[in-house]
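Heads up, the thing below is written out as structure tokens.
Bear in mind that the values here come from a model prediction, so they are computed numbers and not experimental data.
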Amino acid sequence: MKEKRHAKILEIIRRQNVDTQEELCDILNREGFPVTQATVSRDIRELKLTKISLSGGEKKYALLSDTEDGMSEKYHRVFQDGVVSIDMAQNILVIRTVSGMAMAVAAAIDMMNCREIVGSIAGDDTIMCAVRTVDETVSLMRRLKRLL
């Protein structure tokens, strides 16, 4: 039963934005999985779900490896702690970091497997990513900013 419930939880969080354990508990109960909030809390821990920020300040549960970028928790933390700003110049994404963190943040970005990035160069506090098109640069910049 636990495996089916876990599969259902993953299905739910992929198809809709779920912000709280109570909300997830209500959805599971409606879909035929009688659970308590304590069970849902345990399931969240076991599945290694995390909350990610959405535009507009909303949050939702997501599978750690599904946080729109495929980053592990360590790389996600490096990215959040290291990035100072993200800007663009045409199809070049310019990421400013804390001094000495550019290489680590670039490694975190590499782990995202962003198909838009053709290549990147990291210095001490700046990363320059060549992106295929201007539109993809805008989209990628928004996606990365949501991670901060």
(request) Could you pull out all residues at least two apart from Val83 that satisfy side chain to side chain contact (heavy atoms under 4.5 Å, CB included)? (result) Phe79, Ile86, Ile95, Val105, Leu148
(request) Start with the C-alpha gap between His76 and Leu147, add the side-chain angles, then the distance that decides, and say whether side-chain contact (heavy atoms from CB on, under 4.5 Å) holds. (result) CA-CA 8 Å; His76 192 231; Leu147 296 173; 3.9 Å; yes
(request) Measure the shortest side-chain to side-chain distance between Cys114 and Leu140 over non-hydrogen atoms and say whether it is less than 4.5 angstrom. (result) yes
(message) I need the full list of salt bridge (charged side-chain N to carboxylate O under 4.0 Å, His left out) pairs touching residues 98-110, with sequence neighbours left out, sorted by first then second residue.
(response) none
(request) Sequence neighbours left out, what passes salt bridge (charged side-chain N to carboxylate O under 4.0 Å, His left out) with Asp26? Give chain and number order. (result) none
(request) Answer yes or no: is there a donor N or O on one side and an acceptor on the other, between the side chain of Gln90 and the main chain of Val134, under 3.5 Å? (result) no
(request) Output all residues satisfying side chain to side chain donor-acceptor pair (under 3.5 Å) with Lys59, sequence neighbours left out; order by chain, then residue number. (result) Ser53
(message) In the structure I gave you, are the side-chain heavy atoms of Met88 and Val138 within less than 4.5 Å of one another anywhere?
(response) yes
(request) For Asp43, enumerate each residue passing the side chain to side chain donor-acceptor pair (under 3.5 Å) test, keeping only those at least two apart in sequence or located in another chain. (result) Arg5, His6
(request) Report the distance from atom CG of Leu24 to atom OH of Tyr61, rounding to the nearest 0.5 Å. (result) 7.5 Å
Which donor-acceptor pairs under 3.5 Å do the side chains of residues 124-133 make with protein atoms, sequence neighbours left out?
unit_1: Asp124; atom_1: OD1; unit_2: Gly100; atom_2: N; d: 3.2
unit_1: Asp124; atom_1: OD2; unit_2: Ser99; atom_2: OG; d: 2.9
unit_1: Asp125; atom_1: OD2; unit_2: Arg96; atom_2: NH2; d: 3.2
unit_1: Arg132; atom_1: NE; unit_2: Arg115; atom_2: O; d: 3.3
unit_1: Thr133; atom_1: OG1; unit_2: Glu136; atom_2: N; d: 3.0

(message) Hydrophobic clustering (ILVMFWY, side-chain heavy atoms < 4.5 Å, transitive) - are Val94 and Ile109 grouped together?
(response) no
(request) First locate atom OG1 of Thr97, then atom CE of Met103, and finally report the distance between them rounded to the nearest 0.5 Å. (result) 11.0 Å
(message) List the residues meeting side chain to side chain contact (heavy atoms under 4.5 Å, CB included) with Ile121, not counting sequence neighbours, and say none if there are none.
(response) none
(request) May I have all residue pairs that pass side-chain hydrogen bond (donor to acceptor under 3.5 Å, both in side chains) and include part of residues 28-37, sequence neighbours excluded? (result) Lys8-Glu31, Arg15-Glu31, Gln21-Gln37, Thr36-Thr39
(message) Under the rule for side chain to side chain contact (heavy atoms under 4.5 Å, CB included), what residues qualify as partners of Gln16, not counting sequence neighbours?
(response) Ile12, Val18, Ile27
(message) One pair to check against side-chain contact (heavy atoms from CB on, under 4.5 Å): Leu144 and Met112. What are the steps and the verdict?
(response) CA-CA 10 Å; Leu144 293 177; Met112 293 182 209; 3.5 Å; yes
(request) Of all the heavy-atom pairs spanning Ala122 and Ala106, show the shortest one and how long it is. (result) CB-CB, 3.9 Å
(message) So Val98 and Asp81, do their side chains get closer than 4.5 Å, heavy atoms only?
(response) no
(message) Is the shortest side-chain heavy-atom distance between Leu49 and Leu10 below 4.5 Å?
(response) yes
(request) Using side chain to side chain donor-acceptor pair (under 3.5 Å) as the criterion, list what pairs up with Lys2, not counting sequence neighbours. (result) Glu46
(request) List the atom of Gly32, the atom of Pro34, and the distance in Å for their closest heavy-atom pair. (result) O-CD, 3.4 Å
